[in-house]
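Below is one structure, written out as structure tokens, with a few remarks after it.
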Amino acid sequence: MKTQPTLDKLNRPLKDLRISVIDRCNFRCQYCMPADVFGPDFAFLPRRELLTYEEIERLARLFVQIGVEKIRLTGGEPLLRKDLSVLIQKLSSIDGLKDIALTTNGVLLTKHAQSLKEAGLKRVNVSLDSLDDELFGEINGRNVGTKPVIDGIKAAQSAGLGVKINMVVKKGLNDTEIVPMAKFCKDNGLQLRFIEFMDVGSTNGWKMDDVVTKKEIYTLLSEHYLLESVDPDYFGEVAKRYRYQGSNVDVGFIPSVSESFCSSCTRSRLSANGQLFTCLFNGNGHDLRDFMRADATDEEIIDRIVSIWNGRTDRYSDERSAETIANRKKIEMSYIGG
Ligand code: SAM
Ligand code: SF4
Ligand code: SF4
């Protein structure tokens, strides 16, 4: 086990790994996989291209040896991957791994919550952008109402999983849902995290004007609730958290656009086909899958990961400008994992 942190060029330690287990999804959220781009003819990764669970486990073990403490499974929609609990069980056996979490749209959670918990999953983040069935169906591009997601949230709570709710806010689309969502989550003891709409990928038609900033949301919430600031739990915590006064329920903000947090970004991302990305906005992936399949030893794989991380200089959100927006090679969120 490595005792020294693995640092990048800006002295940021490698601590988190997000693994996209699949690039497919049963939703077509407007801000992520717009239906007109991700249509019936869209070429998703063929099965043989995906990392197997054994390959994911091996890579995860090696990442933990060089400093990763937390792993989040994501996608695409991770619950579309068959027997995800089997992967969770494998990851749970890794010495030194402190936390395993999952981000999901929640539709299949009712079916899987119990087995995920039994396999060792600790926490889920469920994405829910509106409580209004019609609006939610419009946002998710599949006309799916809120019921399966809310049922999934309840099933996760009953199974004993920690549950947080992610809400992406886009101006003119679902900003009217900010207060109802806050009320719903507060009443149900759920931590809600408002996520600023980001310019990930190149298909979601992002414009700065569409972003509802943390400040705007905070101001609106303050008209309804008394909020007190909560200290970060750990270095690199992305959410800025507040507590509803007189309760034990927190509400968080992920101000990726208006108050970027690149200086403490400790996150690496592994795509479903085994490419390592060092930033959500850096489209240059580094192959680990073919290297591994060509019989690389553990030491050789570790050397490759360490050298990639040591060379990392990414700070896209800190540098965001008209020029970077226009000229960066971007990668889709559904491929790289949110
Ligand atoms: N399908 C799962 C889900 O939706 O929870 C996991 C993958 S999704 C890419 C992960 C997270 O990224 C979700 O919470 C989603 O809302 C968020 N996301 C996707 N596109 C985004 C964007 N353009 N800006 C901000 N957040 C986004
Ligand atoms: Fe699918 Fe999640 Fe993207 Fe929505 S945000 S399209 S649920 S991957
Ligand atoms: Fe991390 Fe890149 Fe996001 Fe900055 S822009 S916080 S470096 S993922």
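Ligands are counted one by one from 1 in listed order, and the atoms in each one are counted from 1 as well.
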Query raised in the report: Is atom NZ of K154 surrounded by more than 12 heavy atoms (other residues, nucleotides or ligands) closer than 6.0 Å?
Result: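 Not more than 12 within 6.0 Å, no.
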**Report entry** K214 atom NZ, over 12 foreign heavy atoms within 6.0 Å
**Finding:**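 For K214, atom NZ is crowded (more than 12 foreign heavy atoms under 6.0 Å).
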Which residue and non-hydrogen atom of the protein lie closest to [atom], and at what distance in Å?
atom                    : answer
atom 20 (N) of ligand 1 : Y31 CD1, 3.3 Å
atom 8 (S) of ligand 3  : L280 N, 3.4 Å
atom 24 (N) of ligand 1 : M198 N, 2.9 Å
atom 18 (N) of ligand 1 : M333 CE, 3.2 Å
atom 2 (Fe) of ligand 3 : C279 SG, 2.3 Å
atom 4 (O) of ligand 1  : S127 OG, 3.3 Å

Numbered atoms and elements of ligand 3 in range of [X], under 4.0 angstrom, heavy atoms:
X    : answer
S317 : 5 (S)
F281 : 5 (S)
C262 : 4 (Fe), 5 (S), 6 (S), 7 (S)
F261 : 6 (S)
R267 : 6 (S)

Query raised in the report: For ligand 1, is there an atom lying under 4.0 Å from some heavy atom of E196?
Result: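 Judged by the 4.0 Å heavy-atom criterion, E196 does count as contacting ligand 1.
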Query raised in the report: Do any heavy atoms of G75 fall under 4.0 Å from ligand 1?
Result: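 The answer is yes: ligand 1 sits under 4.0 Å from a heavy atom of G75.
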Give a yes or no on whether a salt bridge exists between [X] and [Y], defined as a side-chain N under 4.0 angstrom from a carboxylate O.
X    : Y    : result
D16  : R267 : no
D210 : K171 : no
D290 : R293 : no

Query raised in the report: ligand 2 versus C25, non-hydrogen atoms closer than 4.0 Å: side chain, backbone, both, neither?
Result: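 It is the side chain that gets close, since no backbone atom is under 4.0 Å.
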Does a donor on one side chain sit under 3.5 Å from an acceptor on the other, for [X] and [Y]?
X    : Y    : result
N105 : S127 : no
D23  : S334 : no
R58  : T52  : no
Y31  : N174 : no
T213 : S258 : no

**Report entry** Part of T74 with heavy atoms under 4.0 Å of ligand 1, whether side chain, backbone, both or neither
**Finding:**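 Side chain only; the backbone of T74 stays clear of ligand 1.
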Report task. Please work out whether any backbone atom (N, CA, C, O) or any side-chain heavy atom from C-beta onward of T104 is under 4.0 Å from ligand 1, and answer side chain, backbone, both or neither. Result ->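 Contact part for T104 vs ligand 1: backbone (N, CA, C, O).
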Any donor and acceptor pair, going by atom type alone, linking the side chain of [X] with main-chain N or O of [Y] inside 3.5 Å?
X    : Y    : result
R304 : D287 : yes
R241 : D231 : yes
R289 : E49  : yes
T110 : G152 : yes
N140 : F136 : yes

Atom indices of ligand 1, in the order listed, that fall short of 4.0 Å to a heavy atom of [X]:
X    : answer
T103 : 2 (C), 5 (O), 6 (C), 10 (C)
N105 : 2 (C), 3 (C), 5 (O)
N204 : 23 (N)
V168 : 16 (O), 25 (C), 26 (N), 27 (C)
I195 : 25 (C), 26 (N)
E77  : 1 (N), 2 (C)
N166 : 14 (O)

Query raised in the report: Can you check whether S334 has an N/O within less than 3.5 Å of an N/O in ligand 1?
Result: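 No; every N/O pair is 3.5 Å or more apart.
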Query raised in the report: Does an N or O anywhere in N125 fall below 3.5 Å from an N or O of ligand 1?
Result: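 Looking only at distances, the answer is no, because the N/O contact criterion of under 3.5 Å is not met.
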Query - Pairwise distance CG(L270) to CZ(F277) - rounded to 0.5 angstrom - result: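 L270 CG to F277 CZ: 9.5 Å, rounded to 0.5 Å.
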**Report entry** Approximate separation, where rounding is to 0.5 Å, of L59 CG and E57 CD
**Finding:**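 So the gap between those two atoms works out to 10.5 Å.
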Requested in this report: Output the list of atoms in ligand 2 that are nearer than 4.0 Å to some heavy atom of F27, sorted by atom number.
Outcome: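 Those qualifying, in numeric order: 6 (S), 7 (S).
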Report task. Using a strict cut-off of 4.0 Å, indicate which atoms of ligand 2 neighbour a heavy atom of N105. Result ->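 Close to N105: 7 (S).
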**Report entry** F253 ring center near Y242 ring center (under 6.0 Å)
**Finding:**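 Yes, ring centres under 6.0 Å apart.
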Query raised in the report: If you take all heavy atoms of S20 and G75, which pair is closest and at what distance?
Result: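 Of all heavy-atom pairs spanning S20 and G75, the closest is OG-CA, 3.5 Å.
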Evaluating non-hydrogen atoms only, which member of [options] is closest to [atom]?
atom                    : options                : answer
atom 7 (S) of ligand 3  : V238, D318, I254, D314 : D314
atom 4 (Fe) of ligand 2 : P34, P78, C29, S20     : C29
atom 1 (N) of ligand 1  : P78, G76, C25          : G76

**Report entry** C265 near atom 4 (Fe) of ligand 3 via N/O/S, less than 2.8 Å
**Finding:**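 No - counting backbone and side chain alike, C265 has no N, O or S atom under 2.8 Å.
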Query raised in the report: If you measure from each non-hydrogen atom of R269 to ligand 3, which part falls under 4.0 Å: side chain, backbone, both or neither?
Result: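 Contact part for R269 vs ligand 3: side chain (C-beta onward).
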Report task. For atom 4 (Fe) of ligand 2, decide whether C32 has an N, O or S atom at a distance under 2.8 Å. Result ->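 Looking at C32, which is the residue asked about, there is no N, O or S atom under 2.8 Å from atom 4 (Fe) of ligand 2.
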Requested in this report: Please confirm whether G75 comes under 4.0 Å of ligand 2, counting heavy atoms of the residue only.
Outcome: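 The answer is no: ligand 2 sits nowhere under 4.0 Å from a heavy atom of G75.
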